[in-house]
Amino acid sequence: MSEDPRRQVPRTDVLLADPRLAEASRTLGRTLVKSVVADAQQQARAGTIAADQVADYAVAALPSSAASLRPVINATGVVVHTNLGRAPLSQAAVDAMVTAAGATDVEFDLETGRRARRGRGALAALAAAVPTAGGVHVVNNNAAALLLTAMTLAPGKEIVVSRGELIEIGDGFRLPELMQSTGARFREVGTTNRTHLRDYTDAIGADTGFVLKVHPSNYLLSGFTSAVGVSELTGLGVPLVVDIGSGLLRPHPLLPDEPDATTMLRDGADLVTASGDKLLGGPQAGLLFGTAELVERLRRHPAARALRVDKLTLAALEATLTGPPPPVVEALEVDVASLRERAKRLAAQLPGAEAADCVAAVGGGGAPGVELPSAAVSLPESCAAPLRMGDPAVVGRLENGRCLLDLRTVRPGDDDALVRAVRACMS
Ligand SMILES: *Cc1c(COP(=O)(O)O)cnc(C)c1O
């Protein structure tokens, strides 16, 4: 009678001494490798794998990095995809982050050996990108920028805002609730579809902290509507704060309805807030542009310290601003003829695939309703799940019973990996 296979399961110390697992312990950490080994031993005890396969099974199950986040090829055609981490960074930004990951002179002047202004390179790049700003500041995200603004300009006071601009930004977060959590109150003016200048002027008084304009970045108001422009809201005796959302610093010809920081300041905004990881194409950050006096007040608020960004963000932001166009900008500006050519070339390498025209979108980052002509590799719908679970994961878009891999959001350098991923899931 043969021995019970469960008794022959190799011991943990024996498995960890396997050169492949020992090496993994050095790169991934012993705790992680031990948990993978424990799972493999469990499989052997359950009889799912043979005792002499435990080491091989564990090696195959090792993750490629110590963090659980995995690389994804965004083939959704949504340029700024919230669930896929918004803007993918440029190589220049990634390199800058790697450099800053070690000890770095983020708050130190190497020439004098003294303390220096934190993130001065990133701040100088922001100021250069928006010359109409008297001051610039960076916080954790746009929500933090609005929070700091409310805390500084409207403690115990009112924020005057149009009813058509009370927005929910996703995952159940609402800007009014966020700003009211500081103790500021909202004074809603106008109606959902129409707000006039007199609605604002009637509401402004001794209790007003500031007037807020919010760009409806994830919905469109159309039909019988009217809103008051930024230039009409200046000179009312209270600060005018404009949340532009998407982070365009200058007007973009392809996005004529998307507000930008330079124009808003020129039109008379005292403070502009924006995200760093939407159309700007950089790291998650909240960007603040405004008069030197207001920005300095925000910077000096005690809570500013709790909202500050880390050195990796500062490094990536500076490189995004000074380096080559980031992937978001490339995806926005690429011409459809080159996308069609790529779609044809890739489809020709993949049995069962076709090249197809489709329509991409800007996405969670802004420009609602803007349609970007695009081209895709069209696959049977059944490919979607295996592609998502492949390595690298590929996330496409389901449309009319097909799985579309929209090439507008796939970086050309990823085309070969895309072909390999599709082949792997079709075989
Ligand atoms: C996206 C968005 C926000 C939230 O920005 P985060 O950087 O995600 O905090 C706020 N306001 C508007 C108009 C937005 O579009």
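Indexing begins at 1, ligand by ligand and atom by atom, following the structure's order. Quick note: numbers below take in every heavy atom, side chains included, and nothing from hydrogens, waters or symmetry partners.
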A.B. asks: More than 12 foreign heavy atoms under 6.0 Å from CG of Asp335: is that the case here?
C.D. replies: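 Yes.
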
A.B. asks: What part of Ile169, side chain, backbone, both or neither, has a heavy atom within less than 4.0 angstrom of ligand 1?
C.D. replies: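 Only the side chain of Ile169 comes within reach of ligand 1.
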
A.B. asks: Without swapping roles, check the side chain of Ser275 against the backbone of Gly286 for a donor-acceptor pair under 3.5 Å.
C.D. replies: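 No; zero donor-acceptor contacts below 3.5 Å.
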
A.B. asks: With respect to atom 11 (N) of ligand 1, which of Asp277, Ile244, Asp243 exhibits the smallest heavy-atom separation?
C.D. replies: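 Nearest option to atom 11 (N) of ligand 1, by heavy atoms: Asp243.
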
A.B. asks: What atoms in ligand 1 come closer than 4.0 Å to a heavy atom of Ala143?
C.D. replies: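 In order of number, 6 (P), 9 (O).
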
A.B. asks: Out of curiosity, Ile73 CD1 to Thr76 OG1, how far, rounded to the nearest 0.5 Å?
C.D. replies: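 Output value for this atom pair is 12.0 Å.
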
A.B. asks: Check whether any side-chain N or O of Lys311 sits under 3.5 Å from a backbone N or O of Gly102 as a donor-acceptor pair, and report yes or no.
C.D. replies: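 Confirmed, Lys311 side chain pairs with Gly102 backbone.
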
A.B. asks: So between Glu168, Arg86, Lys278, His215, whose heavy atom ends up nearest atom 8 (O) of ligand 1?
C.D. replies: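 It is Arg86 that holds the nearest heavy atom.
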
A.B. asks: Just which atoms of ligand 1 are under 4.0 Å from any heavy atom in Ser217?
C.D. replies: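 Counting from 1, the qualifying ligand atoms are 12 (C), 13 (C), 14 (C), 15 (O).
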
A.B. asks: Determine whether any heavy atom of Asn140 lies closer than 4.0 Å to an atom of ligand 1.
C.D. replies: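 Under 4.0 Å: no for Asn140.
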
A.B. asks: Heavy atoms only, cut-off 4.0 Å: how does Thr273 contact ligand 1, side chain, backbone, both, or neither?
C.D. replies: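 It is neither part, as no heavy atom is under 4.0 Å.
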
A.B. asks: Between His252 (side chain) and Leu254 (backbone), is there a donor-acceptor pair under 3.5 Å?
C.D. replies: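 Flag set: sc His252 to bb Leu254 pair under 3.5 Å.
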
A.B. asks: Please lay out, stage by stage, how Leu279 and Val328 fare under the test side-chain contact (heavy atoms from CB on, under 4.5 Å).
C.D. replies: CA-CA 6 Å; Leu279 290 173; Val328 163; 4.3 Å; yes

